[in-house]
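Below: the structure, in structure tokens.
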Number of protein chains: 2
Amino acid sequence: MATPPAQDPRRTLTLRDVSEASGVSEMTVSRVLRNRGDVSEATRERVLQAARTLGYVPNKIAGALASQRVNLVGVVIPSLSNMVFPEVMTGISEVLEDTGLQPVVGVTNYAPDREEAVIYEMLSWRPTGLIVAGLEHSPAARAMLAQAGVPIVEIMDIDGTPVDSAVGISHRRAGRQMAEAIIAAGYRRIAFLGTQMPNDHRAKKRLEGFEEALAKAGLTLADREFYSGGSALLKGREMTEAVLARSPDVDFLYYSNDMIGAGGLLYCLEKGLDVPGKIGLAGFNGVELLDGLPRRLATMDACRLEIGRRAAEIIAGQPHQGVVGGEVIELFPTLQPGDTIRR
Amino acid sequence: MATPPAQDPRRTLTLRDVSEASGVSEMTVSRVLRNRGDVSEATRERVLQAARTLGYVPNKIAGALASQRVNLVGVVIPSLSNMVFPEVMTGISEVLEDTGLQPVVGVTNYAPDREEAVIYEMLSWRPTGLIVAGLEHSPAARAMLAQAGVPIVEIMDIDGTPVDSAVGISHRRAGRQMAEAIIAAGYRRIAFLGTQMPNDHRAKKRLEGFEEALAKAGLTLADREFYSGGSALLKGREMTEAVLARSPDVDFLYYSNDMIGAGGLLYCLEKGLDVPGKIGLAGFNGVELLDGLPRRLATMDACRLEIGRRAAEIIAGQPHQGVVGGEVIELFPTLQPGDTIRR
DNA sequence: CTCAACGGATAGAGCGTCCCCCTCCTAAGG
DNA sequence: CCTTAGGAGGGGGACGCTCTATCCGTTGAG
């Protein structure tokens with residue numbers, strides 16, 4: 001404890017070590033490292049040199065406590081593995097890049113209690129803002145978000161009441177639009193294939209909108225199939241096979257996401273089915289993967305990049321501590337008919 | 001400043017607020033919230049109740065500074081979008097789940113300077129440990145890692161000298177093994193198709209090992225093709241088309257990853273080529289996606305889940321602050337011949 | 001009465017940052 | 001040549017907020 005710092009190479013370095021090594025005060029070192037305040041070029045160089053030599057890394061814990069400022073933005077999302085959230089992250093990172101803010105990801109696996117825990121954990125670091133996927137949260141989670149005192153942006157979905165701000169699309173409307181397009185193309189015996197996820201509220205809303213539009217046209221779903229877990233591509237195949245076996249007369253397959261849709265498409269092509277003549281297919285999301293398939297699956301992009309950008313802008317643009325909020329930004333996805341729906 | 005806390009609902013809550021609300025001392029609240037020390041069930045309940053009601057979230061910034069303990073494990077990886085790292089993350093999370101430790105991800109996009117920045121940022125939060133993909137780092141990054149004073153685990157690769165611990169496979173050996181299998185199956189005019197990533201050292205090592213084994217059999221690569229950016233599946237198609245146009249007589253295509261391999265496979269099947277009779281294909285990684293393809297691509301799993309698990313175990317198992325280190329764990333991938341290589 | 005369980009009080013610790021102030025140095029004015 | 005204003009550069013000390021450590025006091029059971 002009383003030993004001079006130089007003695008023990010394993011001791012963690014502090015500002016004082018750098019200040020002693022460079023012969024200036026801690027204050028000056030701090031100024032240099034933060035690029036703030038007036039420091040002569042010579043002094044600055046000397047300090048940086050010393051810091052580099054020692055291998056000093058500032059302690060943000062202490063810095064944050066002292067400055068009451070944390071350059072972190074929490075991002076709470078259900079999953080990383082379905083190709084949609086990485087793109088949202090890209091949008092967020094792009095915008096945050098030149099603001100000095102830094103995103104930190106938390107994954108909930110579509111479990112409400114996990115989400116609650118992740119939000120709690122995130123808020124305990126007192127971030128500059130929080131971006132959370134979806135509008136549905138446990139009451140406790142909502143309470144924490146409401147109390148947080150920092151901007152909260154709920155993304156992906158706008159069919160509901162946000163705690164603070166929201167950026168997203170209307171999944172209900174998206175479902176409706178797809179149904180309308182399918183009906184307009186002349187398909188009538190339509191099946192829905194989705195993953196079994198009670199907590200994927202957005203997929204559920206799409207289905208609701210979809211059925212709503214069908215009903216308006218006097219139709220109902222000819223069949224539906226749910227599955228969970230495993231490789232989405234493979235599941236898409238299996239589900240498609242099951243549906244076609246059970247309901248050979250369906251003429252359209254609407255998938256809740258592109259991955260299972262892609263599996264279904266591969267299956268149909270393999271079986272030599274006439275796509276989109278005898279049977280049409282559509283997915284949702286507009287993932288890049290689809291570009292490599294033999295035929296382009298009809299889909300609807302979810303504006304993921306843009307959602308990420310806008311959400312980040314709301315956080316970054318927040319005037320210091322001014323709890324404004326209430327902004328709701330609706331984006332409008334476009335339908336990409338691809339090659340799997342008659343025109 | 002002098003106003004009592006209750007006055008301003010927007011004020012951020014502190015331990016004191018909870019202690020006042022529950023009628024016990026801050027000390028006791030702290031004990032309850034950390035599950036440490038003796039607190040009667042009744043008191044504990046009362047405190048928790050008060051905390052919940054207020055929506056109190058502990059301030060980890062202050063807690064970490066005081067306790068010199070941060071329950072964070074930094075994970076530095078090149079990318080989230082290629083399906084390999086999410087699985088590593090799954091392994092890490094699984095193990096960390098019941099240790100109270102929490103992973104925090106940083107993404108480098110295969111850029112050394114980004115990596116340096118991410119490592120710096122991570123270390124500035126004084127995490128319990130750091131998991132970094134790869135063994136190749138800038139000198140400055142290596143210096144920081146060496147100085148960090150916390151366990152460092154470099155993952156994925158073991159062909160090199162780790163800073164501290166390492167968990168991974170030998171990519172050079174993996175490349176060799178694949179080449180040997182291909183040669184054993186009777187293929188002779190072999191082409192390599194990879195993404196152009198000067199900083200994907202692991203893909204490079206696989207290629208080196210691959211060529212080494214070819215050389216030993218008196219062979220050289222018949223052709224090679226590189227590409228970068230865009231949808232991997234689509235790129236795989238395009239590259240395959242280019243190679244087959246340029247070198248119509250190749251009888252094997254070795255891809256640096258499964259995604260472009262899958263694209264190539266789809267292309268070959270579409271063109272009606274005899275796979276694996278006239279032409280064989282192989283990728284690398286063993287991604288789940290392959291399960292859904294019409295034919296199973298030959299590949300080699302990279303032990304991703306296991307790598308994540310082992311790395312996390314090293315961090316979690318580290319006796320407090322005892323800088324031991326030096327552990328190197330080699331895992332052995334298995335070749336999955338699938339349906340695209342003759343037997 | 002003893003002992004254990006429970007929990008209060010108080011005094012730092014931890015490492016930066018913020019605000020305010022001081023010290024030079026330069027340059028213009030006298 | 002001296003004086004003085006002004007500003008750049010840099011120092012000093014007070015926090016920030018929670019956890020920890022230590023030392024006690026209280027209470028109830030045996």
Side-chain angles (χ1 to χ4, degrees), chain A residues 1-2 5 11-48 50-51 54 56-72 100 123-127 149 320-321, chain B residues 1-2 5 11-48 50-51 54 56-71 100 121 123-127 149 320-321:
Chain A
M1 277 292 167
R11 216 184 63 85
T12 67
L13 270 27
T14 74
L15 261 196
R16 153 160 280 109
D17 298 307
V18 181
S19 89
E20 284 173 0
S22 54
V24 300
S25 71
E26 300 177 35
M27 190 60 246
T28 303
V29 177
S30 173
R31 281 199 264 253
V32 170
L33 264 26
R34 281 178 299 139
N35 280 318
R36 203 164 301 184
D38 290 324
V39 181
S40 67
E41 195 48 45
T43 310
R44 140 180 250 83
E45 235 353 283
R46 205 144 44 92
V47 170
L48 285 177
L54 292 174
Y56 174 73
V57 177
N59 185 331
K60 292 224 179 178
I61 304 272
L65 184 62
S67 68
Q68 296 291 76
R69 214 177 297 126
V70 181
N71 69 332
L72 259 28
L123 289 180
S124 75
W125 290 103
R126 300 292 188 266
H320 275 303
Q321 313 287 38
Chain B
M1 277 293 167
R11 218 183 61 86
T12 67
L13 272 27
T14 75
L15 259 197
R16 154 161 279 110
D17 297 308
V18 181
S19 89
E20 285 174 359
S22 55
V24 300
S25 71
E26 297 178 38
M27 189 61 246
T28 303
V29 177
S30 172
R31 282 199 261 250
V32 170
L33 262 26
R34 282 178 300 136
N35 282 317
R36 206 163 298 185
D38 290 325
V39 180
S40 69
E41 195 47 46
T43 310
R44 140 181 250 80
E45 235 352 284
R46 202 146 46 94
V47 170
L48 286 178
L54 293 174
Y56 173 72
V57 177
N59 185 332
K60 290 224 179 178
I61 302 276
L65 185 61
S67 67
Q68 296 291 80
R69 214 175 299 124
V70 180
N71 67 335
E121 174 78 12
L123 288 180
S124 76
W125 290 102
R126 301 290 188 266
H320 276 303
Q321 312 288 38

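Any value given below was found using the heavy atoms of this structure, including those in side chains, with hydrogens, waters and symmetry copies removed.
- When every heavy atom of A:Leu54 is checked against every heavy atom of A:Leu13, the shortest pair comes out as O-CD2, 3.2 Å.
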For nucleotides 17-19 of chain D, which of its nitrogen or oxygen atoms have a protein nitrogen or oxygen under 3.5 Å away, and what is each distance?
from   : atom 1 : to      : atom 2 : distance (Å)
D:dC17 : OP1    : A:Gln68 : NE2    : 2.9

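- Nearest heavy-atom pair, A:Ile61 versus B:Val70, reported as atom, atom and distance to 0.1 Å: CD1-CG2, 4.0 Å.
- Side-chain nitrogen and oxygen atoms of A:Ser25 include at least one within less than 4.0 Å of the OP1 or OP2 phosphate oxygen of D:dG11.
- A:Thr14 and A:Asp17 make their closest contact through N-OD2, 2.7 Å (heavy atoms, listed as atom of the first residue, atom of the second, distance).
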Contacts under 3.5 Å, N or O only, protein and nucleotides 25-28 of chain D:
none

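- Applying the side-chain hydrogen bond (donor to acceptor under 3.5 Å, both in side chains) test to B:Arg126 and every residue at least two apart in sequence or in another chain returns nothing.
- Legend: residues meeting side-chain hydrogen bond (donor to acceptor under 3.5 Å, both in side chains) with B:Ser19, ordered by chain and number and at least two apart, are absent.
- Within the model, atoms CG of A:Leu72 and NZ of A:Lys60 stand 8.0 Å from one another, a figure rounded to the nearest 0.5 Å.
- Atom C1' of nucleotide C:dC15 and atom CD1 of B:Ile61 are separated by 13 Å, given to the nearest angstrom.
- Put simply, CG on A:Asp38 is 6 Å from C1' on D:dA8, counting in whole angstrom units.
- Taken residue by residue, residues 40-48 of chain A places heavy atoms nearer than 4.0 Å to DNA chain D at A:Ser40, A:Thr43.
- Note that CG of A:Leu33 and OG of B:Ser124 are 11.0 Å apart. Values are rounded to the nearest 0.5 Å.
- The CZ atom of A:Arg16 sits 10.5 Å away from the OG atom of A:Ser25 when rounded to the nearest 0.5 Å.
- Not a single donor-acceptor pair, N or O on each side, falls under 3.5 Å between the base of D:dG9 and the side chain of A:Arg31.
- In this structure, CD of A:Glu20 is placed 14 Å from C1' of C:dC15, rounded to the nearest angstrom.
- In terms of heavy-atom proximity, A:Ser22 sits nearest to A:Val18 at OG-O, 2.7 Å.
- With rounding to the nearest 0.5 Å, the separation of CZ in A:Arg46 from OG1 in A:Thr28 is 9.5 Å.
- Between B:Gln68 atom CD and A:Asn59 atom CG the span is 7.5 Å, to the nearest 0.5 Å.
- Comparing the axis of the opening five pairs of the helix from C:dC1-D:dG30 to C:dG30-D:dC1 with that of the closing five pairs yields an angle of 40°, rounded to 10°.
- Remark: the backbone N or O of B:Glu26 is not paired with any side-chain donor or acceptor of B:Ser30 at under 3.5 angstrom.
- For the pair A:Arg44 and A:Val39, the tightest heavy-atom approach, listed with the atom from each and the gap, is N-CG1, 3.8 Å.
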